[in-house]
Structures are given as structure tokens and as C-alpha cells.
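Read the structure below first, then the notes.
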Amino acid sequence: MSAAEAWNITTKEDSNNPGPPHYPKSGFDPQTGIYHSINKFGDQHKIPTRPDLDIATYVLSHFPHPHQAESKIALIDSATNQQFTYAWLQRSIRSLAKGLYHTLGISKGDVVFVLSPNSLLYPTICLAVFSIGAILTTANPLNTKSEIAKQVSDSGAKLAISAPEELHKLVPTGVPTILTSRKPNKDSSSLSIEELIESSDHLYQLSQVKLVQSDTAAILYSSGTTGTSKGVVLTHAHFIADVAFLRWTVDVSSAQNDVFLCFLPIFHIYGLSFFALGLFCVGTTTVVMKKYEFHAMLQAIKTHKVNNIPVVPPVILGLVKYTSKAGFESELSSLRRVTTGAAPLSKEVGDGFRKKFPWVELRQVYGLTEICGAATFSPTHKEAKARSGSSGMLIPSFCAKVVDTETGKPLPPYREGELWLKSPSIMKGYLGNVEATAATIDSDGWLKTGDICYFDEDGFLFVVDRIKELIKHNGYQVAPAELEAILLSHPSILDAAVIPVENDEAGQIPMAYVVKAVGSELSEDQVIKFVADQVAPYKKVRRVSFISAIPRSSSGKILRKNLVSQSKQKFISKL
Ligand SMILES: CC(C)(COP(=O)(O)OP(=O)(O)OC[C@H]1O[C@@H](n2cnc3c(N)ncnc32)[C@H](O)[C@@H]1OP(=O)(O)O)[C@@H](O)C(=O)NCCC(=O)NCCSC(=O)/C=C/c1ccc(O)cc1
């Protein structure tokens, strides 16, 4: 029986039997159960197939023409107004690559660990590492010493590049470390990237590095659908495809001449894809903020006449809630396009934003580290507005299935199931974790996202729930298993479970259910502090409830859904 027969779907040849509706504009093929992208790449966006190409060469080949590159500004520091032209960027990437290779002995396959907030030099570091075939791994500078030590060891880092203020976290790992910028005290013995760039210009070219698209380019850390942080192995081919996708999104949204604002962290795929790679291929200017701060963002938009900002939902909520009536229109008058990703944006907040800022186009994207960036986008703003709450349409070259979680069957439009994706940018797998890789990518190459979604009749994706055991706080992933392991290491805690609780500002916050030892006086504040001392701030447990037993299935799996409804009941009874 074909899939069409199984669902009794009407095809054009079968008009006598009306059956359930057929949605020809959805991109859904009833024969295969697969959704195909309705949008197509133009010739200029085609993903290059020649094998001997690396992501740095691909990006540099799209830089503005040399006579424009000397004056065209690539990056502006929002705090100091320091500016890098495309020509300077190109020279700094080449010099740093030579310095890493000749002076520090970093070569193909060596892992370079970067621990830094955003800076003008961050893109140079990424592209220099890629250009010598070394492997980039990045981390949130808010991570604790033990989180950093784990990643350094798991990735097998040979060199670390650290912001001066984070250096102390790397010292215990023993990995050789250079600084992103000079330390204020001149007697510091640590070499800096700035010095390495300056001293390497005269070194001879790197003609001996031979790279192919299938070489590993980066190991970025993600929790996937379960468990703790895992290294997502991404190749040059994955980044090349992602950059082709990003160029397409910029072109179809007419953003080629926009001034962009970057406060999203470049250490995550979202920021990396836009600000260290993709936008350089379009030739735009980006204003870089070290990190997000609401008023500094408003100031940067006004000062630099920013047109375009990739954001996450809490930023949209902030703009809806905290921009004062008087003055904000002139402060934000230059803004034309805002794209939000990393977590779902509610229809209410999206509508609130559109009402308050009718001159700004708001689009949602759906992206994952495991697919090296984005999978969906709304080409036209009108369609995005008409379907507030949608994450957009499949980007060209993506296919999707919506899979019934009970039967495993692919589902047609308007039916909810787990989203599976296929594209040229699907990760190679999780580093050294065959089991997690096999649980995430099936034998046909479909990546199981862990998100419950549906497509509408026009091929627009709606994310409705999450089956993966993951909490999204400010667009950052928090793995309950990681926090549960920390809680269980407390001598007075017998059992523990962590669940997401909805929160207006951050999307979700982690809440812990704790079974304490008989006679223990352990308080909520003590539990919160115990976890906070060991994790980055975004992973902190922010609410605790003591309970007599954690509900578990017969196989011992935590019944998180029961705890989620229990927490909702408790909240309602408090109202
Ligand atoms: C802008 C946000 C939303 C808010 O920033 P924030 O207000 O500074 O909040 P943070 O969560 O970063 O950190 C603040 C906390 O850190 C603390 N903190 C502050 N500096 C310190 C200090 N030096 N020491 C120690 N504590 C401190 C601070 O006190 C505070 O603690 P607390 O009040 O307890 O939360 C920020 O959370 C943020 O950038 N989130 C984005 C995360 C993100 O990029 N996720 C992407 C995942 S990948 C993905 O989905 C891909 C999508 C994609 C889509 C499209 C594409 O084309 C490609 C890809």
C-alpha cells in the first residue's frame, strides 16, 4: 500500500474520491511522505560541489572586489567605534593563519579551543583556524572551570585562544593558551592574537595545506535530544552549504545593503553562521557588541543606523515591553528586518512586536547546531506576517518528514509529529558517541530533531512542542540530565528531576524536584546555590520543590510530563 493509499489522500487523478484534502502547495509528496522545499536556489546560490574546497576559501572568494575591499567596512566595534575593512580582514586572516601554522605549529586536524565573548577579532580567528585545516571548538565564556575542562578534554584541544579575563579558567587544563587581545599590564608573558597577526605578515604563504570539503572544520557542543553536552562534528562541506543558505536568505529578503547588529554569541552556530562566515559573502557591514545589553543595543541601532538584527525571542519581548512610548520611534527608525531563532516566538509576542514596530519585517527561523545553522526561513515578509507563529518554509535543498511518534509513519500537512530533516548540512555525528549518533541520524540520513511540528497547506512550519529532554533558557540549551547529576552528588539529596517551567522573560527556567534524605534540613536556597556554584548562569536551577518520590516508569525513566503538569497545578492553585 502506498503512503497515499494509507492516508486515503486524494490525488488529481482520483477526484471521484474526495478523502482528506490534498495540499499541492505544501511541498508534501503523498507517495513518499516527504516535504520538499518549494523555494529553489538561483544559479548564484548553488552549493559548490568541487571536493577541494574549504569554508575559508569559499568565504574569502566572495569578499568584495579588491578596489572596494580597501574602503568597504566589514566590522565596527559598537563600544570603541574601531573599524575593520574587508581588505584588513583578509590580511588579518592570512597573517593569523601563518602565525598559527609557522609560529605555533598548529596544523591540519589540530583542535583550537576559543573562549571569548564577541569581538572584532573573533571572525578572523575562526576563518584563520578553518584556513589551515585546524578544527574550531568554541565555548560560552560564562562556563565554569569544570565545564571548560570537560570540553577541552573531550575535544582534545591542542591550543586555546582566550579572552584575558577568562584565562584563569584555562590554566588548570594545562593546554597552551594565547590571548584574544593584549593584557592591560604590558609585562604579561602571554602572546596575543594581535601580536601574532602583527608578527606573521612577513612569513611565507601556506601553499602546502590541502583541504577537502569532507574534512572536519568544527566541533560545536550541543545537548542534542537527550543527555549532556556532546561535540557536533561539522565539516567544511556543512559550513559551505550553510553559507549558501544564508546568502539565499539575505537575497530573498532584500537585505544585501543592510547594516547588521551582532550581539548573538559567535560561539554558537547562529552567531557563527551570520557573523563569522555568511555575511562576509554578501559584503554587508556588521556592528559588533561584546555581549547583549538592552540599552546599549538601542544606542547602537541609533548611532549606526542599524537595519537588520538576528535575535532570540527574549530580545523581541524586551523590545515590546521596555521601549518607552516617547522616543523609541526615532531610536529604531532605521530598523527594517528582525529575524528570530533558537527558541519559539509566541504568536502574541510576535503580533505585539508587529503592532508596535509596523515598519520592521519580523521573521522566524528554525535552526540547530546539528544541521549547522538554519533549515527554514520566510522569503516574503507578508507571508511571515500572515502566519505569525510559523518558523517559515524549508530552505532550498532541505527535505523534511513529520513522523508520528507512535507509529513511525510520515504525516501530511496539519498533522503533528516529530520533525526529521535531511540536507547537505546535516552533521557527521557526535564526537566519539556512536550510540547518540545512531539515535539521532537514521540509516537513510534523516536527522531526528526532537521537536514536535506540523506544516500547513502552503509549506509553513509550526513548532508546537518538544519531545527532547531539553530546557531552552534565553535560547540556550539546558540539559536536565546534567543538572540532575549535579543534584545527585549532594550528600543530602536522594533523588532529583529537573523540568522546564514556562517563563515570560527567558522562555523557560529549570525547576528541580528534590527528594531529600530523612532528617535533612536542606533548603531551596541551598539547593539553588549548590547548583549555581557549578554551572554557567543560564543553567542555574531557579525553583525547587521538595517531594517524597520522583515519579518513574517501570524501566526507571523519569516521568517528566507528570512533574510538568504537577508544577502547573501548583502554580494554578497559588493564583
Ligand atoms: C541575548 C540573550 C537572550 C540575553 O543575554 P543576557 O541578558 O546577557 O543573558 P545571558 O543568559 O547571556 O547571561 C546573563 C547571566 O549571566 C550572568 N553574568 C554575566 N556576566 C557574568 C560574568 N562575567 N560572570 C558571571 N556571571 C555573569 C548574569 O548575572 C546573568 O545571570 P542571571 O541573572 O542569573 O541569568 C542571550 O541569552 C543570548 O544571546 N542567547 C542566544 C543563545 C543562542 O545564540 N542560541 C543559539 C543556539 S543554536 C540555534 O538555535 C541556531 C539557530 C540558527 C538560526 C538561523 C541561522 O541562520 C543559523 C542558526
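Whatever order the structure lists them in is the order used to number ligands and atoms, beginning at 1. Bear in mind the structure is a predicted one, so any value in this text is a computation, not a measurement.
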| query | Do any N/O atoms on Tyr366 end up under 3.5 angstrom from N/O atoms on ligand 1? | reply |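 No, Tyr366 has no N/O under 3.5 Å of an N/O on ligand 1.
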Looking only at protein heavy atoms, which one is nearest to [atom], and what is the separation?
atom: atom 3 (C) of ligand 1; value: Val312 CG2, 3.3 Å
atom: atom 43 (C) of ligand 1; value: His268 CD2, 3.6 Å
atom: atom 49 (C) of ligand 1; value: Gly367 O, 4.0 Å
atom: atom 39 (O) of ligand 1; value: Pro265 CD, 3.2 Å

| query | Any idea how Tyr538 and Tyr476 line up, ring-wise: parallel (<30°), tilted (30 to 60°), or perpendicular (>60°)? | reply |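 Aromatic pair Tyr538/Tyr476 classed tilted.
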What atoms of ligand 1 come closer than 4.0 angstrom to any heavy atom of [X]?
X: Arg542; value: 32 (P), 34 (O), 35 (O)
X: Lys291; value: 8 (O)
X: Lys540; value: 34 (O)
X: Gly475; value: 42 (C), 43 (C), 45 (N), 46 (C), 47 (C)
X: Val365; value: 54 (C), 55 (C)
X: Asn474; value: 3 (C), 4 (C), 9 (O), 11 (O), 37 (O), 38 (C), 40 (N), 41 (C), 42 (C)
X: Ile269; value: 48 (S), 51 (C)
X: Ala342; value: 45 (N), 46 (C), 50 (O)

[X] with [Y]: basic N within carboxylate O range, under 4.0 Å:
X: Arg247; Y: Asp251; result: no
X: Arg387; Y: Asp456; result: yes
X: Asp351; Y: Lys347; result: yes

| Proximity winner for atom 38 (C) of ligand 1, if only heavy atoms of Tyr476, Tyr292, Tyr270, Phe245 are counted |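 Of the listed residues, Tyr476 has the closest heavy atom.
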Is the shortest distance from a heavy atom of [X] to ligand 1 less than 4.0 Å?
X: Gly271; result: no
X: Pro537; result: yes
X: Phe274; result: yes

| request: Name all residues meeting the salt bridge (Lys or Arg N to Asp or Glu O under 4.0 Å) criterion together with Glu505; count only those two or more places apart in sequence or in a different chain, and write none if there are none. | output: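 Only Lys321 meet the salt bridge (Lys or Arg N to Asp or Glu O under 4.0 Å) criterion with Glu505.
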| Judged by modelled atom types alone, do Arg354 and Ser388 share a side-chain donor-acceptor pair under 3.5 Å? |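 Yes, Ser388 and Arg354 have a side-chain donor paired with an acceptor closer than 3.5 Å.
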| Are Ser229 and Gln151 close enough that a side-chain donor and a side-chain acceptor fall under 3.5 Å? |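 No.
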| task | Test Glu370 against every option in Thr225, Leu234, Leu447, Ile269 by the side chain to side chain contact (heavy atoms under 4.5 Å, CB included) rule and name the one that passes. | result |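 For Glu370, the side chain to side chain contact (heavy atoms under 4.5 Å, CB included) test succeeds with only one of Thr225, Leu234, Leu447, Ile269, which is Leu447.
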Does the protein place a non-hydrogen atom closer than 4.0 angstrom to [atom]?
atom: atom 55 (C) of ligand 1; answer: yes
atom: atom 11 (O) of ligand 1; answer: yes
atom: atom 14 (C) of ligand 1; answer: no

| Worked check of salt bridge (charged side-chain N to carboxylate O under 4.0 Å, His left out) between Asp258 and Arg337 | CA-CA 9 Å; Asp258 283 355; Arg337 280 162 276 276; 2.7 Å; yes
| said: Please work out, at 4.0 Å between heavy atoms, whether the side chain, the backbone, both, or neither of Leu142 comes within that distance of ligand 1. | reply: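 Answer for Leu142: side chain.
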| field | Option from Thr137, Asn143, Asp154, Asn140 for which side chain to side chain donor-acceptor pair (under 3.5 Å) with Tyr221 holds | value |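 Result for side chain to side chain donor-acceptor pair (under 3.5 Å) with Tyr221: Asp154.
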| Heavy-atom distance under 4.5 Å between the side chains of Ile528 and Val544, does that happen here? |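 A side-chain contact exists here, since the closest heavy-atom pair is under 4.5 Å.
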| said: Measuring from atom CD of Gln256 to atom OG1 of Thr284, what distance do you get when rounded to the nearest 0.5 angstrom? | reply: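 Output value for this atom pair is 10.0 Å.
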